[in-house]
Colleague: 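There's a structure below that I have some questions on.
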Amino acid sequence: MDQQLPDLLADLTNAQREAVSHMDGPLLILAAAGSGKTRVITRRVAWLLQQGVRASNILAITFTNKAAGEMRQRVEDLVPGNRVMIRTFHSFGATMLRQYADRLSLDRNFTIYDSDDRNKIVKQAFEATGMDNTSFTPERIGGAISKAKNKLILPDQYGRESSDFFTQTVARVYPIYQKKLRDANAMDFDDLLFLPALALKTNAELRAELDARFRYVLIDEYQDTNQAQYELARKLSMDFRNLCVVGDPDQSIYGWRGSDIKNILDFETDFPDTKVVLLDKNYRSTQAILSAAGSLISHNKYRKKKPLITDNERGDPVRLWSYDTGLDEANQIAGRIKQSVANREYRYGDVAVFVRINALTRSLEQAFAKHGVPFQIVKGFAFFDRKENKDVLAYLRVIVNPHDDLSFTRIVNEPARGIGKTSVEHLRRFAEENQLSMLQACAHVARITEIKGKAAIALKNFAAMIAQLQTKLELQPHEIIEEVIDKSGYREMLHAGKNPEDEERLANIEELISAAREYGEGNAAGTLGDYLEQITLASDVDGWNDQQDCVSVMTLHSSKGLEFPIVHILAVEEGILPHQRSMRSDSPDELEEERRLLFVGMTRAKKQLHLSHARNRDFRGQFLLAVSSGFLNELPSDEIEHHAETRHANRTLSHDMYRGGSKQADDAWDDTGVSRSGAVVNTIKTDAGVEYFEGQIVQHEQYGIGQITSVGGFGALRKLKIRFATQGEKTFVAEKVKLKVVARK
DNA sequence: AAACCGGCCATTTTT
DNA sequence: TGGCCGGTTT
């Protein structure tokens, strides 16, 4: 080997070396959490280059753009100046669609619609079917279409397989939805996988070409691929079967959006001569953390059994915290972090807080602010969701893609130009009848008799302004934004400033401009279209700055692939983790996925792991009962240290701060059937032998967690009143109702 | 045409 | 709790 090249294998374990230096043929790397997976992939890319494989023949797929960037950097450090394509699946799909647009009869300037856009188009498509209002939300119908695309089901195929009313509805919406997207020259997220996968399936020539172009394909987080992604991977690896996939079935957490854990479990069947490498040693976490995580995940039935091993020290026990309220939880965690940093035990940047749902970040935000703890919420681009920024982006979209009627409608009267709803509807109808985009239709506004003088002139002027802006397309993105807010009158509108928040809006746009400028500096060749694509395809973690010394707050899903010395996981409670929606008795898979989600969160921790729950939680403005998650009972007691942070001293005071219910909830905490006051409560026993009593906490299939507020009646008429966490109070016949008594320890 | 108001609703996770 | 829709007023 050339002495000047870095020795890429020297510091690896045997298993890692085997994975890195495998040359041709399919390769499956089963990599347990913390087993040095990223290192192996980057090393492997570098090793292939060192063996003389051309950079342009390698394709590496990661799960987030951030991961792609990091991998690019690490490969660059090992083999400077290479041009390996490292992308997310979606970004790869978008690139292919643009690159081969002509051969696929597509317009390469397509807009990428996000889920908000998608739901709006679904709504329009639903209305176009002429069906009556059903109870199906656009989100639900859109979700079904998304799943169909992930399974590569075409609009007309969907109709043939539809049976019940919901799928029949979807079957009617789906074709119209898809046509609307094509008319607007827009792709939804799923199209970025769906269309390339279909193209590779039906266009043999293109498939062979791309297969030869990407001779070596590496895919990270393979356990989270869906059928469309699977198809892409396969079709790129038929003539050149050098497909390397890396993943861990125990970390599959995207089943809800169509990913199929079978892809990784069946890989060896799909590729019979697969070489399998097991990376099972963990280099990340302490023994205590691993043993707790391992004990939890061993409760999953649908799973290959495998031990979690490490040479690391035992370390601190996993700490389990009980709080009276969610507010206490947030405040005490903030306080303890602050104290530990003051004691120089660790830095703020070492700490991460994970939550199951985004709504839970709010209390943390307040608590951290109150205690003066620096933090960042990894909800990356909430910034681009602000109205003013969405408006500006809509202008940019229309400039790049004049067919984008959705964006056109958003901005045609923003700022107000005297173009009202009715005029816009007339324009839309005319455009539809004449197969034009709404922007194109503006040129023929004189022919639309319903649109009168003022509105007609305004539309003409609007179209002229867009045309004028389109001549600026070769400018840098941030310069175009400046043009947009000047020429459109947006800046003027905000400057006129009637509302106090106008100033803030202007500041937000300024921030958008500097973000665009920053983008331009890093991507000198980046067009406006590239910039828009980057924004739309950005994930939450892509906006996360890991250099800052502050606490990171994020969802468990976002935490995948990351690691932190100190990890807190909040609200490990029934209904939250596992989430209500996953607890239907007919879907054990979903419950297992929730368990994997907690497993992923736990295995992010290197040194300290804190799990917590509260007995009462503020949710949606209501103060509700909370019960610790059954998952906590699946942890090994000898690795766990319990901390009950109750506030007995000022219990009454704390209760006075909230609306009713919490006193009862506290009484209910004793599992004795006897309230704290000592009074015996009503108890009834059903014929099936189940005993119910007041104050007991139960779970109903449909309504979720609740507390029995009263029992009464005799014989077949015995009734239970149950107050549910989210559904209010309901009455049931004790013999009939199916309840699960929530067990606690 | 636009601003304003009040009621109703849902309410996981994300590219 | 707040975001959205639909209706009403100016």
Side-chain angles (χ1 to χ4, degrees), chain A residues 61-68 87-94 112-120 123 133 135 137-140 142-143 146 149-150 187-194 221 224-226 228-229 252-259 354-363 378-381 385 387 413-424 452 454-455 458 498-499 533-542 554-560 571 575-583 590 593-594 596-598 600-601 617-624 704 725-727:
Chain A
I61 301 284
T62 60
F63 205 67
T64 63
N65 293 291
K66 187 179 173 62
R87 299 297 185 85
T88 65
F89 261 116
H90 287 85
S91 148
F92 172 71
I112 300 171
Y113 278 176
D114 64 21
S115 344
D116 275 354
D117 301 324
R118 180 195 74 182
N119 293 338
K120 283 180 191 154
K123 193 159 174 257
N133 271 344
S135 56
T137 60
E139 288 78 15
R140 199 161 158 226
S146 167
K149 287 185 178 180
N150 288 160
M187 303 285 167
D188 63 16
F189 285 136
D190 305 305
D191 282 338
L192 301 180
L193 310 173
F194 178 63
E221 307 285 7
D224 283 320
T225 50
N226 60 34
Q229 291 165 329
S252 163
I253 54 173
Y254 283 95
W256 54 273
R257 75 175 209 210
S259 87
F354 301 152
V355 292
R356 174 66 178 85
I357 54 176
N358 278 306
L360 290 171
T361 58
R362 192 160 302 160
S363 57
V378 184
K379 180 72 182 123
F381 296 93
D385 290 338
K387 183 194 175 302
N413 200 36
E414 191 70 50
R417 305 182 169 90
I419 303 168
K421 243 195 275 181
T422 38
S423 300
V424 172
K452 310 253 181 337
K454 203 178 91 181
K498 292 176 292 222
N499 299 320
E533 175 174 316
Q534 199 214 240
I535 290 175
T536 316
L537 292 186
S539 69
D540 283 347
V541 276
D542 291 340
M554 66 187 82
T555 62
L556 285 162
H557 282 90
S558 293
S559 79
K560 188 173 79 165
I576 294 179
L577 183 60
H579 192 269
Q580 196 71 68
R581 292 284 306 259
S582 69
M583 288 166 71
E590 288 181 58
E593 182 157 311
E594 295 288 309
R596 289 195 292 269
L597 195 51
L598 178 56
V600 166
R617 189 167 292 279
D618 230 347
F619 192 57
R620 226 164 69 206
Q622 276 182 306
F623 200 62
L624 303 166
T726 49
Q727 314 278 335

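Note on naming: letters A, B, ... go to the chains in the order of the sequence lines (proteins, then strands), and numbering restarts at 1 for each one. All figures in this text were calculated on a predicted structure; none of them were measured in a lab.
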Colleague: One thing to verify: whether A:D224 and A:K560 come together as a salt bridge, which I'm taking to mean a side-chain N less than 4.0 angstrom from a carboxylate O.
Modeller: yes
Colleague: Would you say the side chain of A:M187 lies within less than 4.5 Å of the side chain of A:Y113, judging by non-hydrogen atoms?
Modeller: no
Colleague: Nearest-Å distance, CG (A:N358) to P (B:dT12)?
Modeller: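 It is 10 Å, rounded to the nearest whole Å.
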Colleague: Take the protein atom CD1 of A:I419 and the nucleotide atom C1' of B:dA1, then report the distance between them rounded to whole Å.
Modeller: 12 Å
Colleague: Quick one: side chain to side chain contact (heavy atoms under 4.5 Å, CB included) partners of A:S91, sequence neighbours excluded?
Modeller: A:N65, A:R87, A:T88, A:T95, A:L537
Colleague: Roughly how many Å is it from CZ in A:R362 to P in C:dT1, rounded to a whole number?
Modeller: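 From A:R362 CZ to C:dT1 P: 10 Å.
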Colleague: Heavy atoms only, 4.0 Å cut-off, all strands: where does A:Y254 land among base, sugar-phosphate and nothing?
Modeller: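 It contacts sugar-phosphate atoms only.
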Colleague: Please state how far atom NE2 in A:H557 lies from atom P in B:dT12, giving the value in whole angstrom units.
Modeller: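 One finds 12 Å between P of B:dT12 and NE2 of A:H557, rounded.
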Colleague: Of all residues at least two apart in sequence or in a different chain, which pass the side chain to side chain donor-acceptor pair (under 3.5 Å) check with A:T555?
Modeller: A:S558
Colleague: Heavy-atom nearest nucleotide on DNA chain B for A:K421 versus A:F189: which residue maps closer to 5'?
Modeller: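 Here A:K421 is the residue nearer the 5' end.
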Colleague: Atom CG of A:D224 to atom C1' of B:dT14: distance rounded to whole Å?
Modeller: 11 Å
Colleague: Using the test ring pair (Phe, Tyr, Trp, His ring centres under 6.0 Å), find all partners of A:H557 that sit at least two apart in sequence or belong to another chain.
Modeller: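 Expected list: A:Y254, A:W256.
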Colleague: How many whole angstroms separate atom NE2 of A:H90 from atom C1' of B:dT14?
Modeller: 9 Å
Colleague: Tell me whether the OP1 or OP2 atom of B:dA1 has a side-chain N or O from A:S423 closer than 4.0 Å.
Modeller: yes
Colleague: May I have the distance from A:D116 (atom CG) to B:dT15 (atom C1'), rounded to whole angstrom?
Modeller: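 Atom-to-atom, A:D116 to B:dT15, this comes out as 14 Å.
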Colleague: Should A:E414 and A:K387 count as an ion pair when the cut-off is N to O under 4.0 Å?
Modeller: yes
Colleague: Going by centres under 5.5 angstrom and planes under 30 degrees, do the aromatic ring of A:W256 and the base ring of B:dT13 stack?
Modeller: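 Stacking between A:W256 and B:dT13: present.
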Colleague: Considering residues at least two apart in sequence or located in another chain, which fulfil the salt bridge (charged side-chain N to carboxylate O under 4.0 Å, His left out) criterion with A:K120?
Modeller: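 For A:K120, no residue satisfies salt bridge (charged side-chain N to carboxylate O under 4.0 Å, His left out) once neighbours in sequence are set aside.
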Colleague: Can you find a side chain N or O atom of A:T555 that sits less than 4.0 Å from OP1 or OP2 on B:dT14?
Modeller: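 For B:dT14, OP1 or OP2 has a side-chain N or O of A:T555 closer than 4.0 Å.
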Colleague: Which whole number of Å gives the distance between the P atom of B:dT13 and that of C:dC4?
Modeller: 15 Å
Colleague: Classify A:N413 by what it touches in the nucleic acid, base, sugar-phosphate, or nothing, heavy-atom distance under 4.0 Å.
Modeller: sugar-phosphate
Colleague: Return the set of residues passing salt bridge (charged side-chain N to carboxylate O under 4.0 Å, His left out) with A:D190 (not counting sequence neighbours), or none when no residue passes.
Modeller: none
Colleague: Atom pairs, N/O to N/O, protein against nucleotides 5-8 of chain C, distance under 3.5 Å?
Modeller:
none

Colleague: Let me know the distance between CZ of A:R356 and P of B:dT12, rounded to the nearest Å.
Modeller: 9 Å
Colleague: Would you say a side-chain N or O of A:T422 is under 4.0 Å from OP1 or OP2 of B:dA1?
Modeller: yes
Colleague: Does A:S558 make a side-chain N or O approach to OP1 or OP2 of B:dT14 shorter than 4.0 Å?
Modeller: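 Yes, A:S558 has a side-chain N/O under 4.0 Å of OP1/OP2 on B:dT14.
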Colleague: Would you say a side-chain N or O of A:N226 is under 4.0 Å from OP1 or OP2 of B:dT15?
Modeller: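 Looking at the OP1 and OP2 atoms of B:dT15, neither is under 4.0 Å from any side-chain N or O of A:N226.
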